[in-house]
Amino acid sequence: MTTTETISLVVALLALVLATISTMVAVQLRRSIAERIAQRAASLERSVPDRRPLAAVVVNPTKVGDIGGVRTALDRACRDLEWREPLWLETTVAEPGTSQARRALAAGADVVVAFGGDGTVRRVASVLAGTGTPLGLVPAGTGNLLARNLDVVTSRAAEIAPDDVEAAMRVVLSGIDRRIDVGWISVERPGRPEPDAEECFLVMAGMGFDAQIMAGTPEALKAKVGPAAYFVSGLRQFNGDRVRMDITVDGVPHRRRVRTAVVGNVGRVQGGLALMPDAEVDDGYLDLLAIGPRGVVGWLDVAGRVITRRTWGDQRLAHWRGQRIDLVAEVPQEAQIDGDTIGEATAMRVRVDEQALVVRVSSRATRRPLRAKARIARALPR
């Protein structure tokens, strides 16, 4: 091989090496640029807030059997309706719902869902009242009385199924807002100089026979047979003494011997029975029913009056309406707030906060005509 040929071969090899190096550098440079672009895009994506609405779910886990199944149902409803993945906040015995609701508000939730019974609902509502943030309902308790009175989807069995959960959640995410009244109650206890801190209620609070029924109903029985458990407990508490009670409605005093006195924000109880047929959840008034029958005949008369909706002006069954109601019992009575028994009380001081709470309801929910304000005169003593 001549010197010229050798030089040409070396030059060709050098050119090949340079070309290879140039190709590798170009590939690496393109890869580096692509990685930087991807990182920048990811950084921008993280810095741009998610504009989709957020639902926070305050859940009582004792009311849920298949937690995995219901969480999947909730996630699916949110995804289908273009909401973010819901914030899941479980209650405990020590923290039954109020602290979770506060965390939901702090997280910027657009709606806070109470997933449980009426007790969970009222604790969440106590935080949301006056804030304007809507309360959503996934009813999973024994009574679900607020949900039933607002015609919200309710569970068909003691344990709510994933299909029911998803249906209720879709109402929460796509329904309409309705303002309702909130009741606030202060309880006085035997042997305590100061009353308890004021609590909210949305359904009914009372002293006497109704609270005795709830206190005497085992949780295991409610889980098995649902609302029928209260009937079994009622039979056990049937024979009891009446107690003298001083009742004041908007400053007007009354004295009665009663078995029970119930203050209601809503009118319907289990089975659709209208215990207080004139009660409206958004009229700015509370209804009071004082029941004082003696013996079987008296109870039958009371039952007939309730069934036929004749609850006004009777010694066995007296009905008043007002914005401030005081109940003072001669001897301590078992008391309850929205179905939760709270032990014995000597007095209840109750007031209404008109339309203080926003509740998310179905756009197809029905409303009865507002009649209550026109009938207030009938509540006055005769």
Side-chain angles (χ1 to χ4, degrees), residues 38 41-91 97 100-118 120-121 123-125 127-128 131-141 143-180 202 357-367:
S43 176
L44 289 173
E45 185 177 348
R46 285 194 298 269
S47 65
V48 175
D50 192 338
R51 300 296 183 185
R52 293 176 300 166
L54 172 66
V57 182
V58 179
V59 59
N60 181 347
T62 66
K63 303 294 184 181
V64 183
D66 179 11
I67 290 208
V70 299
R71 291 197 69 170
T72 298
L74 292 175
D75 291 346
R76 182 167 54 245
C78 289
R79 184 174 59 253
D80 290 350
L81 294 172
E82 298 183 347
W83 285 58
R84 281 184 270 171
E85 180 180 338
L87 182 62
W88 181 267
L89 301 168
E90 292 190 7
T91 67
Q100 291 84 350
R102 291 190 187 101
R103 290 202 294 273
L105 289 181
D110 296 278
V111 62
V112 182
V113 184
F115 187 165
D118 286 314
T120 303
V121 171
R123 290 182 175 92
V124 174
V127 175
L128 299 184
T131 67
T133 300
L135 167 70
L137 301 172
V138 177
N144 303 318
L145 291 183
L146 182 65
R148 294 183 192 280
N149 278 270
L150 293 177
D151 298 310
V152 173
V153 174
T154 57
S155 59
R156 296 186 292 267
E159 182 178 301
I160 190 167
D163 287 347
D164 296 321
V165 169
E166 187 168 351
M169 194 64 178
R170 288 179 183 275
V171 169
V172 170
L173 303 180
S174 62
I176 59 175
D177 290 339
R178 179 178 178 185
R179 286 193 170 273
I180 70 169
L202 302 175
L357 180 67
V358 180
V359 182
R360 189 66 54 82
V361 299
S362 171
S363 58
R364 298 185 297 276
T366 60
R367 284 189 66 186

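Between T91 and V58 the shortest side-chain heavy-atom distance falls below 4.5 Å.
Between L54 and A107, the shortest heavy-atom distance links the atoms CD2-O, 3.9 Å. Taking both residues in full, the closest heavy atoms of G117 and N144 are given as CA-OD1, 4.4 Å, listed atom of the first, atom of the second, then distance.
A101 pairs by the side chain to side chain contact (heavy atoms under 4.5 Å, CB included) definition with V124, V127, not counting sequence neighbours. For D110, there are no side chain to side chain donor-acceptor pair (under 3.5 Å) partners at least two apart in sequence or on another chain. For V358, the side chain to side chain contact (heavy atoms under 4.5 Å, CB included) partners are P134, D177, R179, not counting sequence neighbours. Residues forming a salt bridge (Lys or Arg N to Asp or Glu O under 4.0 Å) with D75 (at least two apart in sequence, or on another chain): none. When the side chain to side chain contact (heavy atoms under 4.5 Å, CB included) test is applied to A55, the partners found at least two apart in sequence or on another chain are W83, V111, M169, L173. Partners of R52 according to the side chain to side chain donor-acceptor pair (under 3.5 Å) rule, which considers only residues two or more places apart in sequence or in another chain, are D50. Listed by chain and number, the residues in a side chain to side chain donor-acceptor pair (under 3.5 Å) with T62 are N60 (sequence neighbours excluded). Every side chain to side chain contact (heavy atoms under 4.5 Å, CB included) that E90 has, sequence neighbours left out, goes to V59, P61, I67, W88.
The distance from atom CD of Q100 to atom CG of L87, rounded to the nearest 0.5 Å, is 10.5 Å. A distance of 11.0 Å separates CG of L145 from CG of L202, quoted to the nearest 0.5 Å. Atom CZ of R102 and atom CG of L128 lie 10.5 Å apart (nearest 0.5 Å).
Screening L135, T133, V172 for a side-chain contact (heavy atoms from CB on, under 4.5 Å) with V112, the sole residue that qualifies is T133.
Using modelled atom types, no side-chain atom of N149 and backbone atom of L146 make a donor-acceptor pair closer than 3.5 Å. Not a single donor-acceptor pair under 3.5 Å links the side chain of R360 to the backbone N or O of V171.
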